[in-house]
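Inspection log for the structure reproduced underneath, given as structure tokens.
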Amino acid sequence: NAGVTQTPKFQVLKTGQSMTLQCAQDMNHNSMYWYRQDPGMGLRLIYYSASEGTTDKGEVPNGYNVSRLNKREFSLRLESAAPSQTSVYFCASSEWAEQFFGPGTRLTVL
Amino acid sequence: DQQVKQNSPSLSVQEGRISILNCDYTNSMFDYFLWYKKYPAEGPTFLISISSIKDKNEDGRFTVFLNKSAKHLSLHIVPSQPGDSAVYFCAASSGAGSYQLTFGKGTKLSVIP
């Protein structure tokens, strides 16, 4: 089992460009999450999906959209990237409280 | 307002000694607590957890203690090993529906050989 996979691993964007971060899990978990990690800030929840067909805002949703494509896949979209969105993005999945994380996507917005 | 606080950004410990990482929380609705370990350029990995109905949980070298009245938990690592050097995140859940986790800012542990 691959667990949680994320693509791409690295990305550099210019201000105003758009992109989609992909996440997939093979553990048959119902819930999936997107976090960002910034230096000294810990992990902050952007959006989550409690089950297939539902999505909800987390702590820092502004500037992002998500799609729960099916039970396995949960994507995060930046419509118009800003330098403040430079961060490391982690996807996670869970069946209950213990969440399993992907390896992360390091995004730089110039 | 931070609901989960890890007040020590860093901690250095000699190999073989005990490492104690602390975490405080403010939300009385939290009923499940987890510790995650994170190496550079990797995702966090689950380490150990504790339910609010317990005050201690052990797994090998790792023990988590929960003091509900003080809203405080701690992670003990005995004996500490160089491979334990990582950032440790405390997280809390209210267990309501989606199992959202609220994370602390992390403590960077350095175990010195």
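The chains referred to below are lettered A, B, ... by the order of the sequence lines, with proteins before strands, and numbering in each begins at 1. None of the values given here were measured: they were computed from a predicted structure.
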Distance from A/Y33 atom OH to B/Q100 atom CD, nearest 0.5 Å? 7.5 Å

Side chain, backbone, both or neither: which part of A/L43 has an atom under 4.5 Å from a heavy atom of chain B? both

So which of B/L101, B/T102, B/L34 has the biggest tally of heavy-atom pairs under 4.5 Å with chain A? B/L101

Which one, B/G43, B/P44, B/G106, leads in non-hydrogen pairs under 4.5 Å with chain A? B/P44

Given that the side chain runs from C-beta out, which part of B/K108 has a heavy atom under 4.5 Å from chain A: side chain, backbone, both or neither? neither

With a 4.5 angstrom heavy-atom cut-off, could you sort out which part of B/A91 is near chain A: side chain, backbone, both or neither? neither

Do you reckon [X] sits in the same ILVMFWY cluster as [Y], going by side-chain contacts under 4.5 Å, direct or chained?
X      : Y      : answer
B/V111 : B/I48  : yes
A/M19  : A/W34  : yes
A/L45  : B/F89  : yes
A/V88  : A/L107 : no
B/V87  : B/I77  : no

How about CZ on A/R106, more than 12 heavy atoms from neighbouring residues, nucleotides or ligands closer than 6.0 Å, or not? no

State whether the number of non-hydrogen atoms from other residues, nucleotides or ligands found under 6.0 Å of B/R61 atom CZ is greater than 12. yes

Would you call the rings of A/W96 and B/Y32 parallel, tilted or perpendicular, taking 30° and 60° as the class edges? tilted

Flag the one option from A/C91, A/G104, A/A97 with the top tally of heavy-atom pairs under 4.5 Å to chain B. A/A97

Nearest heavy-atom contact between B/Y36 and A/E98 is OH-C, 3.8 Å

Chi angles and distances behind the side chain to side chain contact (heavy atoms under 4.5 Å, CB included) call for B/F103, A/Q37: CA-CA 11 Å; B/F103 283 84; A/Q37 186 194 12; over 6 Å; no

